[in-house]
2 protein chains.
Amino acid sequence: MFDILLSDFDNSEHPLYLQIYKQFRDQILNGIIPSNTKLPSIRALQLQLNISKTPIETAYQMLSAEGFAYSKPRSGYYSVNMDEFNPFKKKKESNLLLNSFQYSDLSVEKKFSIDFNPAAVDKDMFPIRTWKRMLNNVLEDFSQSIGQYGDMLGEASLRKALADYLRNSRGVLCSPKQIVIGTGISYSISLLTKLVEGTNYIAFEEPGFEPVREQFLLNGYKLIPITVNRESFQFKLLEKSKAQMIYVTPSHQFPTGRVMPYAERKYLLNWADKQNAYIIEDDYDGEFRYLGQPIPSLQSIDQQGRVIYIGTFSKAFTPALRMNYMILPIEFMSKLQKMKHSLSCPSRIDQWAMQAFIEQGHWYRHIRRMRNKYKRKHHKLIECIQTVFEKKVEITGHNAGLHIQIIVKTKLNAKDLLKLAADKGVRVYDFHQMWMKPNESGYPQIYLGFAGISESEMEKGILLLKEAWGSILYE
Amino acid sequence: MFDILLSDFDNSEHPLYLQIYKQFRDQILNGIIPSNTKLPSIRALQLQLNISKTPIETAYQMLSAEGFAYSKPRSGYYSVNMDEFNPFKKKKESNLLLNSFQYSDLSVEKKFSIDFNPAAVDKDMFPIRTWKRMLNNVLEDFSQSIGQYGDMLGEASLRKALADYLRNSRGVLCSPKQIVIGTGISYSISLLTKLVEGTNYIAFEEPGFEPVREQFLLNGYKLIPITVNRESFQFKLLEKSKAQMIYVTPSHQFPTGRVMPYAERKYLLNWADKQNAYIIEDDYDGEFRYLGQPIPSLQSIDQQGRVIYIGTFSKAFTPALRMNYMILPIEFMSKLQKMKHSLSCPSRIDQWAMQAFIEQGHWYRHIRRMRNKYKRKHHKLIECIQTVFEKKVEITGHNAGLHIQIIVKTKLNAKDLLKLAADKGVRVYDFHQMWMKPNESGYPQIYLGFAGISESEMEKGILLLKEAWGSILYE
DNA sequence: GGGTATTTGTCCGTATGTATG
DNA sequence: TCATACATACGGACAAATACC
């Protein structure tokens, strides 16, 4: 009955046990061997095939482990029931897809010779040497802990180092307990929506940071747009609304660049206090102010624990690391502890390295270097634009941050301007996606990030922009 | 009126502009300077203080940027209204909290001298030297990209390397496009719930992996428990249910260790096909089978694109890296592309390093080394238990994976057993949290992970367990 | 129906060519 | 280069299940 095994046998290079395994598996799958049929005993097969028992034994064990057969000890191996199956066809599309795979990033980035990307940072400033040293050291020093999952809220030692840094340098008072290390703003927001109960309305800056807005939508929130422009923040809209939470970027509103005045900060805190609402303070580029000290953050003024503060390493260090942190009011801690197992946070190795980086004072020094560098770039960019465009564009929102907003005096719209710039190989941004309801009135607003490009590129870029737009500008 | 400025001035080391800024700010905040009052002109102050214009100008700009004052061009600077405020008090609790902060992980772990933690992996096997080399190399080679956010679905090059590896070694056919790199199973599940529309019922193994269950609950899903025991998987429950999705761990069911037979796999796929349902295949320790080849994964048998495959680097490499991946059916890709900006994924640096690690063949070799090491440990543990306990405990679910289940023949319950073991300094696990409805009938089931401890610790641990439990065991 | 011989799965020590470090 | 480890294959020992008398 099982003579079939003697066919295409032995002349291949495949190990015996695999050949045996496969032949039985296929025959069971194809119904050639009916269900619950006793397979030849190991020794019977041994004689028939004239080999040792071991390959047969191994094959049978595999069949059994994988559910094609079962063993009755001291009785025999039996096939299992799998009549209707007809498996092991290969999928069609896969190979096609493999070939058509696009290396999406590269192909897009290549098209522009100069990219005023507001999300990029200065690659030459990244402290490769120091960071390498940190990584190498922690891999040695923490090798005992590398086999285990760490605290899902973030390594205790990093949270401690961060709390110290925030207290000393940013005036933010918090316990390491309140800090949650995360993998990015989206992660933090997503986590937040799980922590806050019964809040379904979120007030959101208009325009505002779209990825965060999307995250709230994805988590079932309804948005209440609060208009932000150069002069004001529409509190009226907030008061009238059902919002129990608001997302703001006070230190440098994204994208307009507006700095929220102290009075408005106090107002917001009062509102949150009265309504028992929460304020999410996204201090994404709070490290970068070019005029004196940073403004006191909402978190540091807050007395009532209504502020959730979010900071990041993406701007001051590198976005490649994807590490950020969130400071939560104490009342969240117990709930957070309960759900800590369903969190995910960055590599422990990176966290240890960052801890060492901060503790050894590198972080503090790095920030100072970055601030100076960006201050120069910032100044240079504004100077460039003013020299080249004179009064034909207006620069706004430039007290801080890593990008500026310009208002271009033309009758064209932002999209047209982008296209003209792209034709010259320059990428600038209109951030239309930051608006819930795009507002086309007035002159178009264009955004330029200056962190990611060099001063010479910047100069070239602005000159190219002048070429691109020169003829369509008003005086 | 503003002579106050002349007080405590000049004898400090603080920069002039900050001293000026602070004095005005405080006076405005405290109401000493009423609202809408004209501040001294820049030149007037210059004369009064006998310094240059610059510090005063800077201070005024800061005050203006931060909303303490506003400028009327060609008229002067004016204070703003902020009567009622009394800020800059420090919060009370913070310092207390700082001191009481517990280094939670360490304090817990210290209590046990031997920990059969199923989540740990062998720390000595981590290829420190090679990984260092990878990190150092990519920090040099990719330094041009370090200033930018990468693809939020994961670096294209890593996804390519992974697809190649999966095809060659695991029989999993997929395009790099379908792969999403993530920061852990919770992240992947959370992402998944956002991708799948209209699915509110999820069938879940009972017992099953609790963190994932929690993640579904957090995302608003209702659970349908599907009982799993040594013999069977209760498909009847599945058929009757409204489930449109099911989460399974076929290669080594968590926690029972059961390997899902081929027939059941086909059944599941048929069910999913008929119901248009999705199967989430969590192949968390699929690399570790100790008998021949791995069983074909659901993903590789599936013809209809109903399987979502999730794999991880946490078991075979290190949980400290927190990197995993998910293979999605093609139909999800367009939706995924749309929400890619609200994702978060692991450090690009780690992704590049992992790509190099795979491409240079280290990954393949590493897996083999790990498999062998764990095979030996696995064998050793089972041998130990059998020698020490003879027939008093029964070992089940041990064809694969990094932990085993034992059934202890006693009238005590699992909790008691854990406590007795803990008294001897040994940590074992009852995984009660893996059950939705704890089932106390029958002998208690205890789980031992063997990946994280050495063979000698293992031996000691089992002997200590014998001491702890010896007197309460049945024959 | 009970004893005995045989069959059978299981476990183990060993040999050999090859790959790894 | 060489020692080692590993995958694969071999055959013996054992004890439980089965068949036979």
Side-chain angles (χ1 to χ4, degrees), chain A residues 1-2 5-6 9-25 28 33 36-80, chain B residues 122 124-134 165 168-170 259 287-294 316 356-391 394-400 404 454-455:
Chain A
M1 178 172 188
F2 292 106
L5 270 168
L6 285 171
F9 191 76
D10 180 281
N11 49 353
S12 86
E13 304 154 7
H14 294 86
L16 292 175
Y17 76 96
L18 271 185
Q19 295 185 56
I20 298 168
Y21 159 78
K22 278 182 183 150
Q23 293 210 29
F24 275 106
R25 191 190 62 183
I28 293 170
I33 300 177
N36 298 313
T37 306
K38 188 175 182 304
L39 304 184
S41 81
I42 291 175
R43 267 163 265 260
L45 251 192
Q46 177 190 3
L47 288 174
Q48 185 181 354
L49 301 175
N50 202 22
I51 57 173
S52 84
K53 279 189 313 155
T54 317
I56 305 165
E57 207 178 320
T58 311
Y60 277 20
Q61 283 178 6
M62 282 174 63
L63 289 168
S64 154
E66 300 173 12
F68 298 102
Y70 59 94
S71 118
K72 279 193 188 175
R74 271 110 232 186
S75 162
Y77 279 92
Y78 297 82
S79 63
V80 300
Chain B
D122 192 322
D124 300 322
M125 293 291 282
F126 183 77
I128 293 187
R129 221 160 292 276
T130 314
W131 189 244
K132 262 190 201 172
R133 205 167 62 237
M134 298 297 121
Y165 163 73
N168 294 332
S169 301
R170 315 288 319 274
V259 177
E287 276 91 359
F288 301 111
R289 297 199 42 76
Y290 309 121
L291 269 176
Q293 292 181 317
F357 195 78
I358 295 173
E359 280 177 355
Q360 294 172 25
H362 298 300
W363 175 253
Y364 175 75
R365 279 190 288 273
H366 180 67
I367 289 290
R368 280 200 345 163
R369 285 182 61 228
M370 295 297 276
R371 184 155 35 215
N372 290 329
K373 175 88 170 200
Y374 288 152
K375 188 177 181 177
R376 182 163 36 243
K377 282 195 181 185
H378 174 257
H379 184 256
K380 170 89 177 187
L381 177 59
I382 288 172
E383 191 185 52
C384 262
I385 293 174
Q386 283 172 340
T387 314
V388 172
F389 284 100
E390 290 164 346
K391 305 264 164 173
E394 189 182 345
I395 303 170
T396 63
H398 57 279
N399 283 316
I404 59 167
S454 69
E455 293 190 34

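Order of the sequence lines sets the chain letters (A, B, ...), proteins ahead of strands, with each chain counted from 1.
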Inset, instruction - For atom OH of A:Tyr70, decide whether the heavy atoms of other residues, nucleotides or ligands shown that lie under 6.0 angstrom number more than 12. - result: yes

From NZ of A:Lys72 across to C1' of C:dG9 the rounded distance in Å is 13 Å

With the side chain defined as heavy atoms from C-beta on, B:Arg365 is closest, among C:dT8, C:dT20, D:dT8, to C:dT20

Here the gap from A:Thr54 atom OG1 to A:Gln46 atom CD, rounded to the nearest 0.5 Å, amounts to 8.5 Å

Original post:
Donor-acceptor pair under 3.5 Å: do we get one between A:Lys53's side chain and the base of C:dG9?
Top reply: no

Exercise. Any side-chain heavy-atom pair from B:Trp131 and B:Phe126 closer than 4.5 angstrom?
Worked result: yes

Assign each of A:Ser52 and B:Arg369 the nucleotide of DNA chain D bearing its closest heavy atom; nearer the 5' end lies the nucleotide of B:Arg369

request  = Kindly say if A:Tyr78 contacts the phosphate of C:dT8, meaning a side-chain N or O under 4.0 Å from OP1 or OP2.
outcome  = no

In whole angstroms, the gap separating C1' of C:dT10 from CD1 of A:Ile56 amounts to 14 Å

Which of B:Lys377, B:Arg371, B:Arg369 passes salt bridge (Lys or Arg N to Asp or Glu O under 4.0 Å) with B:Asp122? Answer is B:Lys377

Assert: residue with more 5' nearest nucleotide on DNA chain D, out of A:Arg43 and A:Asn50, is A:Asn50

Winner on side-chain proximity to A:Pro15, out of D:dT8, D:dC10, C:dT10, is D:dT8

When rounded to whole Å, the CD1 to P distance for the pair A:Ile42 and C:dC12 reads 15 Å

So what does A:Tyr60 hit on the nucleic acid, given a heavy-atom distance under 4.0 Å: a base, only sugar-phosphate, or nothing? nothing

Q. Would you say the side chain of A:Glu57 and the base of C:dC11 hold a donor-acceptor pair, judged only by whether the two atoms sit under 3.5 Å apart?
A. yes

When A:Thr54 and A:Gly76 are each assigned the nearest nucleotide of DNA chain C, the 5'-most assignment goes to A:Gly76

To the nearest angstrom, the CZ-P distance between B:Arg371 and D:dA5 comes to 19 Å

Atom CZ of B:Arg129 and atom P of C:dG21 are separated, to the nearest Å, by 14 Å

Rounded to whole Å, the CD1-P distance (A:Ile20 to D:dT8) equals 13 Å

Just to confirm, is there a sub-4.0 Å distance from OP1 or OP2 of D:dA17 to any side-chain nitrogen or oxygen of A:Ser75?
no

Atom OH of B:Tyr364 and atom P of C:dA19 are separated, to the nearest Å, by 11 Å

CE of B:Met134 to CH2 of B:Trp363, rounded to nearest 0.5 Å, is 13.5 Å

